[in-house]
There are 2 protein chains.
Amino acid sequence: MTRHERLNALLELLADAGQLSVEEAAARMAVSAATIRRDFDELAQQQMLTRTRGGAVANSVSYDLPLRYKTARHASEKQRIAAATAGLVPPGAIIGLNGGTTTTEVARVLATRPDPGGGRPALTIVTNALNIASELAVRPHVKIVLTGGVPRPQSYELTGPLAAGIFDHVTLDIAVLGVTGITPEHGATCPNEDEAAVNRLLADRADHVVVVADGSKVGRRDFARICDTTTINTLVTDETLSEEAAAPFTEAGVEVIRA
Amino acid sequence: MTRHERLNALLELLADAGQLSVEEAAARMAVSAATIRRDFDELAQQQMLTRTRGGAVANSVSYDLPLRYKTARHASEKQRIAAATAGLVPPGAIIGLNGGTTTTEVARVLATRPDPGGGRPALTIVTNALNIASELAVRPHVKIVLTGGVPRPQSYELTGPLAAGIFDHVTLDIAVLGVTGITPEHGATCPNEDEAAVNRLLADRADHVVVVADGSKVGRRDFARICDTTTINTLVTDETLSEEAAAPFTEAGVEVIRA
DNA sequence: TAAGAAACGAGCATAAATGAGCATCAAGGG
DNA sequence: CCCTTGATGCTCATTTATGCTCGTTTCTTA
């Protein structure tokens, strides 16, 4: 394991547990305690953690553990959802994407799809997700428009009035929203009210609203409401969602796609 | 396999795995480790990857590596320039940064500097550089404000009317501008007129304008003008700039710091 | 409060990685 | 045919990362 990998692994462990002792870290990484101390000192210098006697504590409690676990667990479902969602997007469309692991996967699928030619960008993607913009900035046949704003470390989404301001100036063909919860009664929800506000604007500006959510999120609700079920045109989810659970959405006029 | 093919293959492997060791790359490409090091160095120069001891890591933000440790390379000219520039920034300041390798280095130095405490963000950074925002989003002690706009693949800078619109809403204590050329007659210049326009707004909104440029850029001029020499308060450069070359700037009222 | 234990930092030795310099090789042009 | 140019591989001095030892600091608890 290289030094670089080890430092990242230490941060991972720290994000999970919130704290980490020198001894435990040394055992996990199979290096001496002296090395771990040097690592902790360097990461402390970079403000990534705070040194304590005998160990270190996480500096920002910000890493969304459940999110990351689900990423690993539902990877293939996410990719099938992403592929199905990309299938809804015609060439040349203007598409809005918010942040999240599923929408990032959608962005990857869209970016790698063949260029229909004709000189114009094959696709315009409007997003408030920093990671999506970074990843797609180098793709030549996709035009990226990033909202401004302040990034939340937890999700890499830009929020705030500066993010909202952009939506006075654009319209979208399709908005693809990743959410952490969706129910027939409460509609789409996410954990943060600032993100919800920006996501709502994405939905408002779009002709067609697509919500992507793996089966574990359907029936859950989170703190901040993004939009009502009646606003949603399509829900793309996976086969872990039962027919019965899908029925209320269909009745509310939402097309449900189980990839 | 040509050199060009090999560089692309390296980036491909890196995109897949997120990291790559010199040894493994040498084996896969059937070339010596020395060649791989040269390749990595060149790609690192182009911001396509980040060099680590023993290998390299991909340069894109990803949910798979939510906490990214950045290697602090050692005293190069850029880093001395960056350190000197960071010394000009008082705690709690609101600072504007444009894109470029030197300003990215300034951002790193600012992000790792010790927290003065007191609860408020130690620093607010307003930038149109996607890579700086990505890298600093996880730093808890720095508030990042990103302009909106369309990223240019070459520089990761956001440009266009959406980027410009932000500057109606903010003011800055200090603007730090990386440029590709600066002369006493023509002022600061860069290769792209859209970037120049956004950079000019950064300078306009700031009380104090600092231009960072290594010695090779002083005396050069590029296509698009950012601002006049009279607008510039401070030029931070390195010791490769002769006293004689610095004199015209001093006479024009620019404080020249040779780090 | 004081003794013992744990953690720490500094210094040193070793091994790996690196960068610089040099020789070789292939491609292309006069 | 020879020369130039650029890429590559090799060697060696230097830098960097690591583990160990030892004296010092800090915490625990009697």
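Hydrogens, waters and symmetry mates play no part in the numbers below; they use all other heavy atoms, side chains included. A, B, ... follow the sequence lines: proteins, then strands. Residue 1 opens every chain.
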For A/M1 and C/dA16, give me the distance from atom CE to atom P, rounded to whole Å. 18 Å
Heavy atoms under 4.0 Å, any strand shown: does B/T2 hit a base, just sugar-phosphate, or nothing? nothing
As a test of reading the structure: which of D/dT26, C/dA17, C/dG19 is closest to the side chain of A/R53, going by heavy atoms? D/dT26
Of the listed nucleotides (D/dG9, C/dG19, D/dG19), which one gets closest to any side-chain atom of A/T35? D/dG19
Separation of A/I36 atom CD1 from C/dA7 atom C1', in whole Å? 14 Å
Could you tell me the separation between the CD atom of A/E24 and the P atom of C/dA6, rounded to a whole number of Å? 18 Å
Can a side chain N or O of A/R51 be found less than 4.0 Å away from OP1 or OP2 on C/dC8? yes
So which nucleotide from C/dG9, D/dT18, D/dG19 ends up closest to the side chain of A/D41? C/dG9
Is the distance from OP1 or OP2 of D/dT8 to the nearest side-chain N or O of B/R6 less than 4.0 Å? yes
Roughly, in whole Å, what's the span from CZ in B/F40 to P in D/dT8? 14 Å
Just how far, in rounded Å, is P of D/dG19 from CZ of A/R37? 12 Å
Would you mind checking if B/D41 and B/R51 are paired as a salt bridge, meaning a charged N to carboxylate O distance below 4.0 Å? yes
Using atom CD of B/E42 as one end and atom C1' of D/dA7 as the other, report the distance to the nearest whole Å. 11 Å
Distance check needed: C/dC8 P versus A/D39 CG, whole Å only. 13 Å
Whole angstrom is fine here: how far is it from CD in B/E5 over to C1' in D/dT8? 16 Å
Any donor-acceptor N/O pair under 3.5 Å between C/dG9 base and A/R38 side chain: no
Just so I know, are the side chains of B/T147 and B/T127 near enough to count as touching, which here means a heavy-atom distance under 4.5 Å? no
Please state whether the phosphate of D/dT8, meaning OP1 or OP2, lies under 4.0 angstrom from any side-chain nitrogen or oxygen of B/R3. yes
Any idea which heavy atoms bring B/A82 and B/V109 closest together, and the distance? CB-CG2, 4.0 Å
With distance as the sole criterion, is a donor-acceptor pair present between the side chains of A/S76 and A/Q79 under 3.5 Å? no
Is there a side-chain contact between B/I125 and B/L136 in this structure, where contact means two heavy atoms from C-beta onward sitting under 4.5 Å apart? yes
